[in-house]
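Data first, discussion second: the structure below is written as structure tokens.
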2 protein chains.
Amino acid sequence: MKAYDKQEKVLVAVDCIIFGFYEGQLNLLLIRRDFEPRRGEWSLMGGFLRESESLDDAAARVLRELTGLDQVYLEQFRAFGEVNRDEGERTVSVGYYALINQENVQPQLSADYAAHWVPLNEIPPLIFDHSDMVKAALRRLRHRATHEPVGFELLPEKFTLTQLQWLYEAIFGTPIDAGNFRRRLRKMDYLQRLNEKDTTNSRKGAWYYQFVSEGYAMAKRNGADFLLKP
Amino acid sequence: MKAYDKQEKVLVAVDCIIFGFYEGQLNLLLIRRDFEPRRGEWSLMGGFLRESESLDDAAARVLRELTGLDQVYLEQFRAFGEVNRDEGERTVSVGYYALINQENVQPQLSADYAAHWVPLNEIPPLIFDHSDMVKAALRRLRHRATHEPVGFELLPEKFTLTQLQWLYEAIFGTPIDAGNFRRRLRKMDYLQRLNEKDTTNSRKGAWYYQFVSEGYAMAKRNGADFLLKP
DNA sequence: ACAAAAGTGTTTTTCTTACACCCATGA
DNA sequence: TCATGGGTGTAAGAAAAACACTTTTGT
């Protein structure tokens, strides 16, 4: 059955669902296509897999091409393989989602691509099956954010607990009880409080915190598991 | 960037991690390759994607070719795309795991392929990255089995609660407290008790149960969520 | 009557939830 | 001094864990 000759090859693409967080809003980085097919329509950022790179590498390259960023949190979530999902040639696409702290990215993008941050609840219709991809990516993000400390990728190095709460409210689309949310955070000793306050939102000021990944690694080795739900 | 011409096509395969359950043991269906490369070594069952079929279709076809079974629980869990993961030509593989009630399958397999059920804790070294695939599939199965009633796919239509407990013990590799396990089951009113007992394991006999999927669908609509952990 | 699996109950502890409350401070 | 967001505490209840207990029946 599985002989290598005479098999049909297909195009393989990666598409990136790029999440950003800014001013309490969860956003998606979308492009308006300036190439055929479907020129001018909204779409995810994607590209074809090259012979010399892995899927993960391809996703990182595509992301770098659009944002100029490297070292970004990037996770594959699913392959999409319906026969007619794409126009033109048959293409299998592998979906990746990225989490980036939006403040770092504003400037350099849009240079080569017509890229825009779009609030998650105002996503326009997308080409092909890209809307399905977004839905699947969001499901995965919600799951990961509850069980692993990936949310911090969307925040600046220093953040307040209120910002963190806003982030989770944005990810899940529900309000969260501040008291209960903060109690869970209080037990995470890998959240380090800095000697510095953010006073932009209140007179009292909110402490800045920092996620200490080595601390988390240690806690994990000791059997602690991250859990943060709405 | 994303123009359709002059792109490099690659081979796309699907590989199936086929779980079966029999006599308290969780098993994997593996083949000894009777073709090159790596003739004679252990491997997962796989095949190449054809132009006219979706990824899901391809996985179902591969499974049917090996087991003769249709209508099997089959779920994609991840694409594998390292450059040198395969020998010979560059191949991207999409992993699917299947859950089948092993009693239905014993006879017809092995006809064309040298297929064998191997206990999960006695898996031999596998070719390529197939061992990684198995690990990833098992992680996904563990997750799905706790949050969705997929475990029943591995059991006969009629099963006892003790069998179900054995299944979960096998999936998670840990002992489970019978009292607590059964209390959770007792609340699932979509588990229908039949007027029939299994007396092979005890004099008293254990009631047979049946999973009623319409009942589960209704419970789900009413906001109930399945949860069954070790 | 007793062994052995099937099945139920009970107690203890831990985690959630809802919500009231205090704190700090600039205007 | 008071409004506002930041932050803590607590009582009621739900759920998890541990384990003792009862039931059934072939031998």
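Being a predicted model, the structure only gives us computed values, none of them experimental. Numbers restart at 1 for each chain; the letters A, B, ... are given by sequence-line order, proteins then strands.
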Distance-only donor-acceptor check, side chains A:Y208 and A:Q210, under 3.5 Å: no
Interatomic spacing from OG1 in A:T160 to NZ in A:K197 - rounded to 0.5 Å: 11.5 Å
Whole-Å distance separating the CD1 atom of B:I176 from the P atom of D:dC19: 17 Å
B:F181 six-ring face occupied by B:R184 cation (under 6.0 Å, within 45°): no
Rounded distance in Å - NZ (B:K197) to C1' (C:dA5): 11 Å
Point-to-point distance, once rounded to the nearest 0.5 Å, from CE of B:M133 to OH of B:Y97: 15.5 Å
Length of the line joining A:D225:CG and D:dA16:P, which is rounded to integer Å: 15 Å
Neighbours of DNA chain D within residues 200-211 of chain B, by heavy-atom distance under 4.0 Å: B:R203, B:K204
Interatomic spacing from CG in B:D15 to NE2 in B:H130 - rounded to 0.5 Å: 4.0 Å
Interatomic distance, A:F181 CZ vs C:dC19 C1' [rounded to whole Å]: 18 Å
Nearest heavy atoms of A:T174 and A:P230, plus distance in Å: OG1-CB, 3.4 Å
Stem list, DNA chain D (Watson-Crick or G-U pairing under 3.5 Å, at least 3 consecutive pairs): C:1-27 with D:1-27
Side chain to side chain contact (heavy atoms under 4.5 Å, CB included) partners for B:S202, two or more places apart: B:K204
Length of the line joining A:D198:CG and C:dT25:P, which is rounded to integer Å: 14 Å
Rounded distance (nearest 0.5 Å) linking atom CD of B:E157 with atom CZ of B:F211: 11.0 Å
Protein-nucleotide distance (B:R184, atom CZ; D:dA15, atom P), rounded to Å: 12 Å
Those residues that, when tested against B:K220, pass salt bridge (charged side-chain N to carboxylate O under 4.0 Å, His left out) (two or more places apart): B:E148
Pair A:S54-A:D56, side-chain donor/acceptor within less than 3.5 Å: no
Spacing between A:Q165 atom CD and D:dG5 atom P, to the nearest angstrom: 13 Å
Residue list, salt bridge (charged side-chain N to carboxylate O under 4.0 Å, His left out) with A:R182, at least two apart or on another chain: none
Sugar-phosphate, base or nothing in reach of A:T199, heavy atoms under 4.0 Å: nothing
Below 3.5 Å between N/O atoms, which protein atoms pair up with nucleotides 8-10 of chain D? Just atom names and distances, please.
from: D:dT8; atom 1: OP2; to: A:R186; atom 2: NE; distance (Å): 3.4
from: D:dT10; atom 1: O4; to: A:R183; atom 2: NH1; distance (Å): 3.1

Length of the line joining A:K229:NZ and C:dT16:C1', which is rounded to integer Å: 8 Å
